[in-house]
Amino acid sequence: MFRFDRRHFDNFDWVLLILLLSISVIALFNLYSASYPPKPWGTPPYLKQAYFFLIGAGAILFILSFDYQELHFWNYFIYVGVLILLIAILIIGKTAGGAQRWINLGFFNLQPSELAKLTLVITLASYYSRKEVTDGYTLKQLMIPIILTAIPFLLILLQPDLGTALMLVFIAVSMTVFVKLRFSVYLILGGFGIGAIIFAWEKLLKPYQKQRVQTFLNPEKDPMGHGYQIMQSKIAVGSGGRFGKGYLEGTQGHLHFLPERHTDFAFSVWCEEWGFFGGVAFMALYFVTLIYALYASTFARDRFGMLLSFGVVMLIFWQAIINVMMVLGFLPVVGIPLPLVSYGGSSLLTTLAGLGILLNVRMRRFQGGMGPDHRS
Amino acid sequence: MERPFFRFETEEIAERNEAAVRLLRRRTIFAILLVMFFLMVIISRLWFLQISSGQHYTVEAERQRVRIHTVPPPRGHILDRYGREIVTNRPSFNVVMIKEDSYDIGEVLKRLSLVLDEDIENLWARIRTAERSARHIPVRLKEDIDWETLAYLENHKYKFPGIRIEVLPVRTFHYGDLAANSIGYIGSINRKQLESDEEGIYEGGDLIGKRGIEKLREKDLRGEKGKRSTEVNARGFEQRELKQVDPLPGKDIRLTIDAELQSTAEQFMNIGEKAGAIVALEVNSGRVLAAASTPSIHLEDFIGGISQANWDALLNNPKHPLINKVVQASYPPGSTYKIVTALAGLAEGAVDENTVIYCPGYYYFGNRVYRCWKHSGHGPVDIRKAITESCDVYFYQVGQRVGVDKLAEYARKFGLGKRTGIELEFEKSGLIPTREWKKKNRNEVWQEGETLSIAIGQGFNLLTPLQVALMTAATANGGKIYKPSIIESVTTPDGVVTERFKPQLIGQLSKKEQSYLEIIKEGLFDVVHGKRGTARNVRIEGLTIAGKTGTAQVVRVAQYKGMKEQDIPYKYRDHAWFTCYAPADNPEIAVTVLVEHGLHGGSGAGPIARMILAKYFEQHLKDLRQASEGS
């Protein structure tokens with residue numbers, strides 16, 4: 001199975017790798033400050049995160065070792081495996097008497113819902129590439145992807161983890177819209193979606209989830225509760241000013257005004273310490289990387305490769321957007337991390353695995369003799 | 001060519017691939033535009049938060065990060081003219097609780113109530129009043145604990161989690177209640193004072209001068225507050241000190257008062273709990289060497305706020321301890337006023353130094369009899385004898401000849417009938433009646449008989465003890481009216497003198513009037529040293545004293561006539577005046593004593609003045625004694 005010839009090395013996307021490495025180094029650098037001063041016990045988060053980067057690098061190497069086409073086959077097992085983990089978690093959570101989102105693996109807590117995101121990307125890419133339609137999918141053709149999305153969605157919703165569950169919807173919707181639907185299907189699904197939101201608000205959302213949304217819409221009403229977190233994040237970012245307070249000089253984070261400073265609000269710490277120019281520079285680097293990855297995906301040798309790349313980029317993009325919007329006070333507090341930047345093993349490994357797939361597709365873009373820059 | 005491990009529908013892929021891939025490639029552009037759009041949204045949001053509102057959020061971040069404590073400045077000291085400390089500061093140790101550091105408030109309070117000997121309910125009440133304040137803000141449980149309790153608490157800290165000792169400066173009084181009514185006291189600033197504080201110097205709970213010098217010289221005494229900024233974390237725990245601006249202590253105020261002399265004055269007034277006032281003036285400058293008002297307030301009662309019971313007691317005390325009788329009370333001057341009448345008579349030519357008037361013990365005027373205090377009469381009286389023996393008949397006639405308005409004119413030349421301008425609050429102007437005054441205020445025509453009463457200081461006229469002292473000093477120094485002052489100097493903590501006493505002449509008698517004064521002074525000398533002087537008991541061996549007694553009638557009630565003086569109810573007894581200066585030939589000090597309801601000037605007030613003079617000339621007299629013993 002392991003075949004690695006010189007062409008792979010030549011075609012490897014060094015630009016993407018360098019962009020990703022830059023982001024990762026900056027992220028670790030920031031994480032050091034976000035968990036500063038270090039606690040006297042345990043491994044500090046930035047170091048743990050560094051270990052995960054190393055594990056993730058190993059995962060990337062492994063993913064690069066086989067042709068991404070084989071994911072068509074392996075994904076059956078991956079998909080079913082993730083579903084089993086999600087069900088297992090519900091059962092453990094029940095017996096443990098409360099919500100649980102992870103499985104303890106000793107050295108870290110595995111969050112199956114994180115794996116589910118990437119699995120969904122592969123699953124949908126696989127389906128849409130095998131079921132090729134150029135004039136828009138019909139509702140009937142969409143039944144299978146809807147069901148494939150709905151099963152993990154519902155399982156995650158039951159945990160309950162609304163943020164991640166909605167993430168699945170974002171991924172599924174962007175990939176589905178990407179492959180083009182019939183015009184009537186847009187209308188039907190759009191109407192259905194709006195109906196689902198109304199239904200969810202009335203019947204499904206737990207009170208604390210509703211409160212988060214309400215707090216976001218009117219933060220002054222609850223300054224010490226959830227509005228407090230948003231307010232503190234805005235103060236952190238805003239007080240950074242033009243040039244920031246300087247590395248390790250952020251007061252909002254170090255004095256604990258900022259909640260979840262090394263996980264969901266890590267970017268807030270960055271903005272406080274590096275100011276507007278630092279914030280813009282990092283966001284530009286981050287989004288340019290995504291744009292580059294999208295652009296590069298158009299050179300993929302087939303539809304599966306393109307869909308995989310697109311899906312992975314969307315997976316990162318939506319999380320990034322939701323996280324940054326939350327940090328900047330545009331969205332309510334939902335537990336969505338900023339990929340590569342927020343501390344968290346499962347999220348990082350999933351992201352790196354996704355990037356591994358992206359690099360794999362890039363590396364094997366000329367196999368099969370297709371693609372725009374096909375060498376004859 | 002490498003083949004996938006698992007393949008589906010391979011045949012169709014090749015044909016449809018091209019179109020399907022091209023479709024996705026085209027649509028990728030929209031995805032890129034979407035990403036770019038969001039990047040723009042994020043950048044503009046960052047611009048808004050960090051550039052447009054950066055200032056606002058910076059302030060906000062600082063506000064919640066930095067906690068500013070004000071450090072109260074030590075208040076300036078109040079010293080006597082020789083630099084002896086009268087009022088300074090001492091540390092007060094207060095027990096405070098920081099709720100957030102105390103895991104079991106009930107248990108700690110229980111233990112504390114035993115140590116502090118305080119009802120636990122009182123402690124709980126203090127905690128409850130601070131219920132709404134943040135948990136890191138100290139709640140004061142008890143003020144000013146003693147050394148023993150302090151030592152116990154410090155040594156058993158571990159038993160009292162969350163309990164801290166707060167040190168605040170409070171006033172301490174080295175001479176007890178010395179000059180209490182003039183110095184005054186401080187207290188917590190009230191709402192009205194806070195609202196009128198336009199400079200924003202004060203905040204709730206600050207101490208501010210409420211009465212006396214403490215109030216009038218608040219600006220000098222208060223100093224400048226220090227600031228201590230500390231960094232706090234989200235839970236309110238202090239992390240580190242950011243910066244400290246030390247408080248600037250207030251300026252020291254040196255009074256013109258001689259603490260020893262003042263102390264002597266109060267000591268003798270307090271024998272028999274006399275109500276009254278004593279003023280000692282430096283004759284040639286206007287310095288107030290002593291200004292006593294008895295009974296006085298108790299300064300210690302005002303530390304930490306006076307209790308309602310103590311306040312009520314002050315208000316209801318018939319001897320009015322809240323009033324500074326030196327300037328805030330005016331009395332009929334009695335015979336001390338004869339100095340004014342004598343000057344008016346001589347200067348206006350109504351009498352000269354040789355004019356003799358016969359005193360049969362009474363004087364008919366209109367259809368009334370005006371009695372001399374000596375019912376058997378003084379016989380032939382010239383001006384010196386009239387002063388020495390305080391003959392009323394003589395002065396009735398002088399008054400009648402001069403007229404009330406002329407009398408008032410000379411009174412005003414002595415600075416009477418208006419505020420002296422001394423730095424003490426609520427000074428009364430006294431009252432020097434004229435025809436016009438009566439018309440205006442009572443809408444009545446002046447009765448000539450009233451002039452006679454005025455002439456002996458017994459009518460409408462009212463003087464404060466300070467005014468009588470001012471008149472005496474002016475007589476002593478040959479007609480110069482110095483503005484009385486109680487502030488000797490004001491000094492910054494670095495020793496820079498920002499204000500120094502300078503004698504201020506506010507009036508002066510003419511040359512001719514000055515020459516008449518000499519005649520009067522001869523009479524005053526004999527009051528003490530003459531054979532028939534009314535204050536012979538004031539004599540001190542080795543010192544020449546000139547003075548004048550006065551007895552001010554409080555009421556003219558027939559039923560008390562002929563009664564023994566001691567049987568008259570206290571509040572109807574006459575006020576006793578004695579005013580004097582010494583040495584008679586080269587005066588240094590003028591002393592005025594008023595004893596409310598003290599009966600007779602000579603016996604009621606004279607001895608006290610004598611003790612003050614003895615104290616003032618203590619060294620001089622000792623030297624004299626040694627000299628005579630040596631020879």
Side-chain angles (χ1 to χ4, degrees), chain A residues 1 3 66-67 69-70 72-73 129-130 132-134 174 178-180 232 234-242 251-252 254-257 271 275-276 279-280 283-284 287-288 290-291 294-295 297-298 300 302-303 306-307 310 313-314 317 321 324-325 328-330 364 367-372, chain B residues 1-9 12-36 38-66 231-235 237 239:
Chain A
M1 193 167 98
R3 275 180 294 247
F66 56 82
D67 191 327
Q69 289 289 347
E70 294 179 27
H72 275 307
F73 170 73
S129 59
R130 277 182 281 153
E132 280 184 355
V133 174
T134 49
S174 32
F178 183 55
V179 296
K180 194 177 182 187
Q232 291 299 347
K234 278 160 81 173
I235 292 173
V237 174
S239 63
R242 274 183 173 71
T251 56
Q252 285 288 101
H254 297 154
L255 298 171
H256 306 282
F257 288 105
C271 288
F276 174 74
V280 167
M283 278 294 105
F287 280 74
V288 162
L290 293 182
I291 289 166
L294 280 175
Y295 167 75
S297 76
T298 61
D302 56 14
R303 201 171 145 89
M306 284 186 77
L307 278 165
F310 181 81
V313 171
M314 283 299 120
F317 170 71
I321 281 298
V324 172
M325 290 299 200
L328 301 184
F330 265 158
R364 292 183 165 82
Q367 282 172 352
M370 281 164 286
Chain B
M1 185 157 97
E2 198 180 3
R3 279 283 144 219
F5 176 77
F6 205 82
R7 299 202 53 187
F8 300 83
E9 307 152 25
E12 294 120 295
I13 285 176
E15 284 154 37
R16 281 189 277 151
N17 237 338
E18 202 55 39
V21 164
R22 227 181 299 127
L23 170 85
L24 293 188
R25 203 172 288 148
R26 220 170 33 239
R27 292 174 82 86
T28 303
I29 294 165
F30 294 105
I32 289 174
L33 288 177
L34 183 75
V35 175
M36 283 177 164
F38 274 110
L39 178 60
M40 288 304 134
V41 169
I42 287 170
I43 289 175
S44 40
R45 180 64 174 172
L46 283 173
W47 178 279
F48 171 75
L49 286 177
Q50 301 188 291
I51 310 269
S52 305
S53 318
Q55 199 60 36
H56 163 76
Y57 285 114
T58 303
V59 171
E60 196 76 355
E62 285 298 293
R63 192 186 52 73
Q64 59 181 10
R65 175 178 82 101
V66 180
E231 188 174 61
V232 292
N233 68 12
R235 265 168 280 163
F237 286 109
Q239 304 289 299

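Lettering of chains follows the sequences in order, A, B, ..., and the numbering in each one begins at 1. None of these values were measured; they are calculated from a predicted model.
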Tell me, side chain or backbone of [X] under 4.5 Å from chain B's heavy atoms, or both, or neither?
X        : result
A:Phe317 : side chain
A:Phe310 : side chain
A:Val324 : side chain
A:Ser174 : neither
A:Met283 : both
A:Ile321 : side chain

- Heavy-atom proximity to chain A below 4.5 Å, by part of B:Leu23: side chain
- Query: Which atoms of B:Gln55 come close to chain A, meaning under 4.5 Å heavy atom to heavy atom: side chain ones, backbone ones, both, or neither?
  - Reply: neither
- Determine yes or no for a side-chain-to-main-chain donor-acceptor pair under 3.5 angstrom, with A:Gln232 supplying the side chain and A:Gln252 the backbone. no
- B:Gln50 side chain to A:Cys271 main-chain N or O, any donor-acceptor pair under 3.5 Å? yes
I need the minimum non-hydrogen distance between [X] and [Y], along with the two atoms involved.
X        : Y        : answer
B:Val35  : A:Leu290 : CG1-CB, 4.4 Å
B:Leu24  : A:Arg303 : CD1-CG, 3.6 Å
A:Gly329 : B:Arg45  : O-NH2, 3.7 Å
A:Thr298 : B:Arg25  : O-NE, 3.0 Å

- Item | For chain A, the option from B:Ile43, B:Val59, B:Thr28 that forms the most heavy-atom pairs under 4.5 Å | B:Thr28
- Item | Euclidean distance, B:Ser53 OG relative to B:Phe48 CZ, rounded to 0.5 Å | 3.5 Å
- Calculate, to the nearest 0.5 Å, the distance between atoms CD1 and CG belonging to A:Ile235 and B:Leu49 respectively. 11.0 Å
- Task: Flag the one option from A:Leu328, A:Val280, A:Ile291 with the top tally of heavy-atom pairs under 4.5 Å to chain B.
- Result: A:Leu328
- Task: Flag the one option from A:Gly279, A:Gly275, A:Gly240 with the top tally of heavy-atom pairs under 4.5 Å to chain B.
- Result: A:Gly275
